[in-house]
Every structure is written in C-alpha cells, then in structure tokens.
Amino acid sequence: MSDTYGIAELAREFDVTTRTIRFYEDKGLLAPLRKGQRRVYASRDRVRLRLIMRGKRLGFSLDEIRQLIDLYDVDPSEVTQLRHFLDKIHEHKEILIGQQKDIAETLAEMERIEAQCSSLLSEKQKKRQTAN
DNA sequence: TTTCTTACA
DNA sequence: TGTAAGCA
C-alpha cells in the first residue's frame, strides 16, 4: 500500500492547485517529506489537507487552522503546553458554537419565509380556481 | 512533462 | 493565490 502521494495527486483529489498546496506548506500547515527535491506526501499529510479544507469551509484563517491542526499531533508532555492547547480548543469551540447558532437561526428564518411563500402560493392558486 | 524556487501582481 | 521564468 503506497500510502504516499505526489503533489499533483493531492491537488486533483482536493480540487486545489499545486500552488495552493505549496502555499499551505509555506504557511506551516503542511510539512511533507522530501525525496530529493520532490515533495512526498504521506497519509498524515493527506489528513491534514482534509482538515485544512474543512477549516476553510468553516471560515477559519490559515493561521487559525494551523493552530487547530497542531493540536492533533503534538505530544501532550508539557503541562504548560497542555493548558495552552486547552485554551485554543475552548477558543475554537466558542467560534464553532457561535456559527452553529447562526446557522440554526438562519435555517429557522428560511423555514419561516418558506412557509410564508408556500401559503401565499396556495392562496393564489385558490383564487385562480375560484375565478375559473 | 512535471516539479521546484523565486518573485511579482 | 495566480502566473511566469528558468532549472533539473
């Protein structure tokens, strides 16, 4: 099982350009192995890229995504670090909970409008039938 | 052909 | 991030 990937391969899979993947590396979000000069991505890198894309969809900055991803593969040996990570987690959780609330409210709003439109439409249909 | 770095938009 | 130049 060749659990390694080339940059073009990952770019295709995640629908981004190779430039974008290198860009994320520059920003410290990715750290692929090197085979000479070529970048060799392991499955962990692929997982990371997946997390990056998800973070982007959630509206996090690359900097925030990096902090979030770092939480995954750092060994929790230092108490100080642990407290720091805990703070980061709380921070992100608050943002996500806030977004969750926004989504719920927007959804409720849309459903209200949807119901309003539906009843309006059925009303017009009734009038049409009455007229005919 | 593909990837890489660097630099500029 | 896109694009381009010059390499390997």
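Note on naming: letters A, B, ... go to the chains in the order of the sequence lines (proteins, then strands), and numbering restarts at 1 for each one.
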>> Using only atom types and a distance under 3.5 Å, with no angle test, would you say the side chain of A/Arg66 pairs donor to acceptor with the backbone of A/Lys27?
In response: yes
> So what's B/dT3 paired with, Watson-Crick or G-U wobble, going by both distances under 3.5 Å?
Replying inline: none
>> Can a donor-acceptor pair be found, under 3.5 Å and without considering hydrogens, that links the side chain of A/Arg48 to the backbone of A/Leu29?
In response: yes
> Is the shortest side-chain N/O distance from A/Arg39 to OP1 or OP2 of B/dC4 below 4.0 Å?
Replying inline: yes
> Where do A/Glu13 and A/Arg50 land on the salt bridge (charged side-chain N to carboxylate O under 4.0 Å, His left out) test, with the steps shown first?
Replying inline: CA-CA 10 Å; A/Glu13 183 176 346; A/Arg50 183 167 280 125; 3.6 Å; yes
> Is the side chain of A/Ser118 donor-acceptor paired with the backbone N or O of A/Glu114 at a distance under 3.5 Å, no angle test?
Replying inline: yes
> For the side chain of A/Glu25 and the backbone of A/Pro32, is there at least one donor-acceptor N/O pair under 3.5 Å apart?
Replying inline: no
>> Expressed as a whole number of angstroms, how long is the span from A/Glu9:CD to B/dT1:P?
In response: 20 Å
> Among residues 41-59 of chain A, which residues get a heavy atom nearer than 4.0 Å to DNA chain B?
Replying inline: none
>> Can you measure A/Gln37 atom CD to B/dT2 atom C1' for me and round it to whole angstrom units?
In response: 12 Å
> What parts of residues 12-20 of chain A reach DNA chain C, counting only heavy atoms under 4.0 Å away?
Replying inline: A/Thr17, A/Arg19, A/Thr20
> Want to settle it: does A/Asp26 or A/Gly6 sit nearer the 5' end of DNA chain B, counting the closest nucleotide to each?
Replying inline: A/Gly6
> In Å and rounded to the nearest 0.5 Å, what is the CG to CD1 distance from A/Leu68 to A/Ile52?
Replying inline: 11.0 Å
>> Rounding to an integer number of Å, can you tell me how far A/Arg22 CZ sits from B/dA7 P?
In response: 16 Å
> Are A/Leu33 and A/Tyr41 close enough that some pair of their side-chain heavy atoms sits under 4.5 Å apart?
Replying inline: no
> Atom CZ of A/Arg38 to atom P of C/dC7: distance rounded to whole Å?
Replying inline: 16 Å
> Side chain of A/Glu9, backbone of A/Gly6: donor and acceptor closer than 3.5 Å?
Replying inline: yes
> For A/Glu91, does its backbone N or O pair with a side-chain atom of A/Glu94 as donor and acceptor, under 3.5 Å?
Replying inline: no
>> Looking at A/Arg34, I'd like to know whether one of its side-chain N or O atoms comes within less than 4.0 Å of OP1 or OP2 on B/dT5.
In response: yes
